[in-house]
Peer 1: 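Here's a structure for you.
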Amino acid sequence: MHTDQMITGIVGGVAGYEPRVMPTVPTVVESWIERSSPKPGGDSRSSGWVLFAAFLLGLGARLQVQVIGFLPFSELVVGLLLPFWLPTYTRRGVLRSTGLLIPLCVLWLLSAVISDIYWSTELTLAARGTARVLVYLASIPFAVVFFGKDCWRRLIFFTLGLIPSVILSTYVFRSGAQVGREIVWGRTLINFETHWVAVAVFTAQLINLLVYHRSKTLAYAASLLAGGINFYNGSRSAGAAFAIGAPLALGRNVLASRKAAGKLNGGRLAIFIAATFLVAWAVIEAYSYSAREGLLGERSRRKFEAQSKSAAGLLLTGRLEFVGAVLAVQDSPWLGHGSWKLDTDRYYAQAIRFMEINADPRAYYIKGYPLIPSHSHLMGSWVENGLAGGIFWAYALMLVARALYRPLEDERHLRLWVSCTATALAWHIVFSPISGRLETSVALAVFVTQADAAMSAGRLRRRMATAGVDSTGRPFTAEPVLRGA
């Protein structure tokens, strides 16, 4: 059965109506999409039920229930669908799109199990560690299938669901992170940096999706404004995602060659890579000046001064956990230390001594549940589950980097969204694992499916050009380009 028909049947059956009945969706957004959508010969647009399912998927992404640890409702549903959708997930096209993601995720899972058996990890902790890997193993192919068609529309409604999901999670179905903060600090600690930044990020990304194809200039300006707002409110990673992502999208559009179907080859790719480092350096310098001069507020100024005076530098002083993870990996590089392992070897204290930072490590060990530090998807998985966990995230990081410059099937709608999301995800993978597992899986799925579809379109054009006809069978007169390239 076709994916759209499956989703329509499931949602329609639960609602108790005939599938033809359209659900209630935000009228303004729906009419905007309708006016903006291309009208191809074959209508590949999603039904109302599928868009409603995308909204529900986003709505359940941050609302969590305690099952094995804390699981968002959407992750729970996706996991329950795995046995029924397994034949779809194992199709050649799905496996081709994901590349090595699924095989490496399976190796990560095996490594996690072996590591926990070797270290005799407590059963409940081992179950939580294994569940984390299983979520990605189920969510990535699901997202590839679900967002592989009509990606732009479905992303809009998915993002539209994420915003109220974050807001509602403040009051009901709270996350494990919020409960953990209550244990550690004695209060929930709901502020912009810990919670509301997600609303700002998802709102800015929704604006990108709705505006970019209509006015690139306005979308770039909105992204830069979102970056400034996040910087001012203390979220440097979210601010950098937009402050770097928008110029990278602009630079790629300028450098992309229409004759090469939007590809960056040779010298153009080298220029783009150099520009990426230049933009990152410029953003860091702009932030440093603004924080030092107090333009971002007194709290940001004090934080910047404390971190910049250290010999370790601004980045590593703020991420001592990463250094501690490197030290932990050196002691057990192959199998890691087991799921949710306490820092009994005091790697955090070792990191402070190694970096020669004037700090008291006792504050880390007297609160909550002091795990071996990492503050990183990459290093955290390596520390707990062994080398296979690190390899999975290293491969994911490579896919993120490639998404910044590789052609997309739908450049017209998705380029800015991809650039900002990839910039944010690169930071999350290496230094700040705050992104939800489902959102991460969706981002990776969009990156790989869009690139794979663009590559397939390129091969088709070359075959047609060789045959002397275009895709309709008419005599070939001019090389077509990617939609929106």
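The first residue in the sequence is number 1, and the count goes up from there. Just so it is clear, the structure is predicted and the values come from calculations on it, not from any experiment.
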Peer 1: With sequence neighbours left out, what residues match Glu321 under salt bridge (Lys or Arg N to Asp or Glu O under 4.0 Å)?
Peer 2: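 Glu321 satisfies salt bridge (Lys or Arg N to Asp or Glu O under 4.0 Å) with no residue once adjacent residues are dropped.
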Peer 1: According to side chain to side chain donor-acceptor pair (under 3.5 Å), who are the partners of Ser74, at least two apart in sequence or on a separate chain?
Peer 2: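 None.
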Peer 1: Determine whether Pro433 and His428 make a side-chain contact, defined as any pair of heavy atoms from C-beta on separated by less than 4.5 Å.
Peer 2: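 Heavy-atom side-chain distance check fails, nothing below 4.5 Å.
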Peer 1: For His195 and Thr170: C-alpha separation, side-chain torsions, deciding distance, then whether side chain to side chain donor-acceptor pair (under 3.5 Å) applies.
Peer 2: CA-CA 8 Å; His195 191 77; Thr170 310; 2.7 Å; yes
Peer 1: Centres of the Phe147 and Trp152 rings: under 6.0 Å?
Peer 2: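 Centroid distance Phe147-Trp152: not below 6.0 Å, so no.
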Peer 1: In chain order, what residues pass the ring-ring contact (aromatic ring centres under 6.0 Å, His included) check against Phe322, with sequence neighbours excluded?
Peer 2: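 Counting only residues at least two positions away or on another chain, Phe322 forms a ring-ring contact (aromatic ring centres under 6.0 Å, His included) with Phe431.
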Peer 1: Ring centroid separation for Phe142 and Trp85, is it under 6.0 angstrom?
Peer 2: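 Yes, ring centres under 6.0 Å apart.
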Peer 1: Is the distance between the ring centroids of Phe231 and Tyr287 under 6.0 Å?
Peer 2: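 Yes.
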Peer 1: Listing request: all salt bridge (charged side-chain N to carboxylate O under 4.0 Å, His left out) pairs with a residue in residues 375-385, at least two apart in sequence or in separate chains.
Peer 2: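 The answer is Arg132-Glu384.
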Peer 1: Please tell me if the side chains of Val446 and Leu408 come closer than 4.5 Å, counting only heavy atoms from C-beta onward.
Peer 2: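 Result no, sub-4.5 Å side-chain heavy-atom pair not found.
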Peer 1: Below 4.0 angstrom, N of the basic side chain to O of the carboxylate: do Glu298 and Arg301 qualify?
Peer 2: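 Salt bridge present between Glu298 and Arg301.
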Peer 1: Can you find a pair of side-chain heavy atoms, one from Phe73 and one from Arg62, that are under 4.5 Å apart?
Peer 2: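 With C-beta onward as the side chain, the pair stays apart.
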Peer 1: Only distances under 3.5 Å count here; give the side-chain donor-acceptor pairs of residues 329-338 to other protein atoms, sequence neighbours excluded, each with its distance to 0.1 Å.
Peer 2:
unit_1: Asp331; atom_1: OD2; unit_2: Tyr347; atom_2: OH; d: 2.7
unit_1: Ser332; atom_1: OG; unit_2: Gly336; atom_2: N; d: 3.4
unit_1: Ser332; atom_1: OG; unit_2: Gly336; atom_2: O; d: 2.7
unit_1: His337; atom_1: NE2; unit_2: Ala328; atom_2: O; d: 2.8

Peer 1: Which is it for Arg292 and Glu305 under the salt bridge (Lys or Arg N to Asp or Glu O under 4.0 Å) test, yes or no, and what are the steps along the way?
Peer 2: CA-CA 7 Å; Arg292 184 171 54 248; Glu305 288 185 351; over 6 Å; no
Peer 1: Kindly list each side-chain donor-acceptor pair under 3.5 angstrom involving residues 270-283, sequence neighbours excluded, with atom names and distances?
Peer 2:
unit_1: Thr276; atom_1: OG1; unit_2: Phe272; atom_2: O; d: 2.9

Peer 1: Do Tyr220 and Asn208 pair up side chain to side chain, a donor and an acceptor below 3.5 Å, judged on atom types alone?
Peer 2: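 No, no side-chain donor-acceptor contact under 3.5 Å.
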Peer 1: Would you indicate whether the side-chain heavy atoms of His213 and Arg415 approach each other to under 4.5 Å?
Peer 2: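 Side-chain contact under 4.5 Å: no.
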Peer 1: For residues Ile156 and Leu206, determine if any side-chain heavy atom of one lies less than 4.5 Å from a side-chain heavy atom of the other.
Peer 2: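 Side chain of Ile156 against side chain of Leu206, heavy atoms only: contact under 4.5 Å found.
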